There are 2 protein chains.
Amino acid sequence: MSSTISDIAKIAGVAKSTVSRYLNGGSVGDKTRKKIEQAIKEAKYTPNPFAQSLKAKKTNIIGTIVPRLDSYASSQTLIGIDEQLKRLNYQMLISNTSQSLEREIESIYSFANQKMAGIILLATEITEQHIEAFEAVKVPVLLIGQEHPEIHSVIHDDFHAGYAMGHYILEKGYRDIAYLGVTERDIAVGVKRKHGFKKAMEEVQQDCHVHYYETEFNIPAAQAKAREIIHDHQPPIFVCATDNIALGVLKAAYAEGLSIPKDLAVTGFGGYEVTEIIHPSLTTAKFFYQEAGETAAKHIVELVNERSVEKLTISKFKIIERESVDINLKHGI
Amino acid sequence: MSSTISDIAKIAGVAKSTVSRYLNGGSVGDKTRKKIEQAIKEAKYTPNPFAQSLKAKKTNIIGTIVPRLDSYASSQTLIGIDEQLKRLNYQMLISNTSQSLEREIESIYSFANQKMAGIILLATEITEQHIEAFEAVKVPVLLIGQEHPEIHSVIHDDFHAGYAMGHYILEKGYRDIAYLGVTERDIAVGVKRKHGFKKAMEEVQQDCHVHYYETEFNIPAAQAKAREIIHDHQPPIFVCATDNIALGVLKAAYAEGLSIPKDLAVTGFGGYEVTEIIHPSLTTAKFFYQEAGETAAKHIVELVNERSVEKLTISKFKIIERESVDINLKHGI
DNA sequence: CTGAAAGCGCTTACAG
DNA sequence: CTGAAAGCGCTTACAG
């Protein structure tokens with residue numbers, strides 16, 4: 001069926017090693033080059049990647065571990081990684097773990113076994129076992145979304161995004177605020193965003209009430225929690241640690257017959273596409289997932305080639321002002 | 001670094017071929033088995049997949065070609081394929097073509113070159129070049145989303161979904177209808193859905209006006225088109241060929257200050273997650289992407305193993321009644 | 001510049 | 001049941 005390097009050698013009347021040299025950019029005589037090129041075209045030859053990898057003991061594939069495929073952040077990040085990797089002549093192989101940390105660990109070992117040149121992990125939580133696996137496999141690893149002192153990573157600027165969001169709503173006049181966050185096991189989302197936000201809150205002198213709540217990442221959980229809070233004391237604004245949580249709050253608000261942003265303002269973090277599709281649209285801190293993915297791809301390739309890369313890269317963010325916050329708020333100032 | 005079959009053979013004091021036989025489930029003596037198992041554990045051995053593939057001239061990887069990563073339908077389908085493939089001990093390799101038909105063709109050849117056991121294509125349009133490529137590579141191929149007489153495929157029931165949707169809105173009393181479709185080059189979405197819908201329209205005796213329009217798949221294009229139509233003659237309902245088009249119509253409606261569903265009703269096809277997040281939520285014909293992906297995975301594995309599979313499988317659908325259609329419509333009946 | 005040979009890690013007949 | 005040998009398609013020193 002498909003032709004091998006030997007076929008080409010035979011057709012061109014040269015040795016296999018010469019063909020191989022040609023293929024790998026080594027020096028080849030002019031006439032020989034012509035003959036080989038002719039033969040390759042004739043036989044539609046294309047090298048067997050397995051034989052190549054077997055020799056090289058390494059592939060040009062970057063294994064990418066992702067907790068879920070059906071999230072805007074994941075998709076965009078993957079697109080960024082994929083496109084950049086293609087440009088650098090690397091391939092991306094995705095392993096979807098369906099939010100199982102156990103599967104994440106397995107994937108690390110499995111990628112190493114498959115001789116991936118490097119591994120990118122779209123991280124949510126870094127456990128001892130992760131670190132252990134990274135050390136064991138001896139393959140370059142890069143984290144996206146979470147940082148760790150021992151591992152290279154590309155993160156979003158969660159702290160400053162939190163700070164900027166806090167600043168923004170204070171400036172709009174809000175002084176009674178519900179912050180709806182997530183577990184602190186997630187350093188980026190659960191800790192950094194909240195801390196940035198807190199810092200902004202602390203800088204205001206007038207009396208300002210902030211209540212901190214915690215919920216899950218999914219919409220129904222956020223919706224239920226919001227309903228509870230609204231029944232309890234109905235704050236004029238919810239600052240939510242993610243766009244999905246904000247969507248849950250919006251659903252709860254509709255169910256209660258509240259009008260956005262008059263009765264209740266809402267903000268998110270993420271900049272998911274859906275936030276501008278809904279009506280009213282959501283004010284949020286947008287992260288640049290695709291760009292972060294591209295940076296991650298560049299960095300892992302550098303690491304694979306044993307060049308040095310800064311340990312921590314911080315991707316930017318932008319506050320997107322939309323309709324879910326009342327910008328003509330009068331009260332409270 | 002990582003151990004090879006020779007290491008294991010040495011440690012266990014047997015021949016490589018015996019270890020190989022053990023690994024591949026051949027008959028091995030009891031004592032030998034023990035020794036090999038012990039050695040494998042000791043050396044943490046795990047076979048080199050490249051060497052295996054080089055011999056087998058085939059992998060257990062199914063190449064999956066997808067036009068885009070950032071769409072609900074794609075993600076869900078991929079999740080279905082991935083999970084089912086894992087269960088069957090196959091791996092999925094994704095190639096994202098960013099909606100380039102050219103890249104799609106390239107991916108087919110590239111997958112064949114990488115000795116993929118089979119190829120699944122999330123299809124939008126099947127050209128001559130596709131067929132040519134399929135024939136050239138001699139690798140089992142399966143289409144999802146579009147059908148073709150020569151290729152195995154799993155499709156959604158576009159025709160009956162269109163029919164059911166038509167029936168549904170007629171039943172609700174609508175008689176002046178704008179159908180916002182897409183290019184007929186997309187057989188499933190552009191032709192089948194419309195034809196099913198038309199059939200429902202033809203079955204009604206009373207005078208009923210249906211206008212057929214065409215737009216692009218993306219939200220802004222649909223929004224612009226809807227704006228135009230509304231200015232022109234403002235129909236009481238838009239039946240949209242996809243959920244995204246429906247979202248575009250909703251945006252246009254908000255911009256015009258129309259209230260949904262009182263002033264304008266809207267329906268979609270797809271059952272995207274966002275359709276139940278928005279407010280009012282969207283009435284739509286839901287397809288089962290994940291399930292279709294699972295079926296596709298099962299079928300391609302059957303084909304890889306040279307078992308016979310029905311050429312065409314039709315996945316089901318369900319009309320989801322939500323808030324974007326006025327179910328108490330009085331006029332027009 | 002070019003070629004013969006060895007070897008990457010595995011599997012598969014073939015003997016024994 | 002077990003082992004020696006050949007070979008999958010490629011690359012890499014090493015000679016010439």
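Letters go in sequence order (proteins before strands), and every chain restarts at 1. Just so we're clear, the structure is a prediction, and the values are computed from it rather than from any experiment. The figures that follow rest on heavy atoms only: side chains count, while hydrogens, waters and symmetry mates do not.
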Give every pair of a protein N or O atom and an N or O atom of nucleotides 14-16 of chain C that lie under 3.5 Å apart, one pair per line with the distance.
none

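- B/Thr4 comes within 4.0 angstrom of sugar-phosphate atoms only, judged by non-hydrogen atoms across all strands, and of no base.
- Nearest-nucleotide mapping onto DNA chain D: of B/Ala51 and A/Ser20, the residue sitting toward the 5' end is B/Ala51.
- Contacts between residues 36-47 of chain A and DNA chain D, counted as heavy-atom distances below 4.0 Å, involve A/Tyr45, A/Pro47.
- Counting only Watson-Crick and G-U wobble pairs whose two key distances fall under 3.5 Å, DNA chain C forms stems of three or more stacked pairs at C:1-3 with D:14-16, C:5-12 with D:5-12, C:14-16 with D:1-3.
- Using a 4.0 Å heavy-atom distance criterion, A/Lys57 is classed as a sugar-phosphate-only contact.
- Sorted by first and then second residue, the side-chain hydrogen bond (donor to acceptor under 3.5 Å, both in side chains) pairs involving residues 142-152 of chain A (not counting sequence neighbours) are A/Gln146-A/Asp186, A/Glu147-A/Lys192.
- For A/Ile314, the side chain to side chain contact (heavy atoms under 4.5 Å, CB included) partners are A/Ile155, A/Asp157, A/Leu312, not counting sequence neighbours.
- Not one side-chain nitrogen or oxygen of B/Gln52 sits closer than 4.0 Å to the OP1 or OP2 atom of C/dG9.
- By the side chain to side chain contact (heavy atoms under 4.5 Å, CB included) test, B/Lys57 pairs with no residue at all, sequence neighbours left out.
- To the nearest 0.5 Å, the span separating CD1 on B/Ile8 from OG1 on B/Thr18 amounts to 13.0 Å.
- Listed nucleotides: D/dG3, D/dT11, C/dC10. Nearest to the side chain of B/Ser17: D/dG3.
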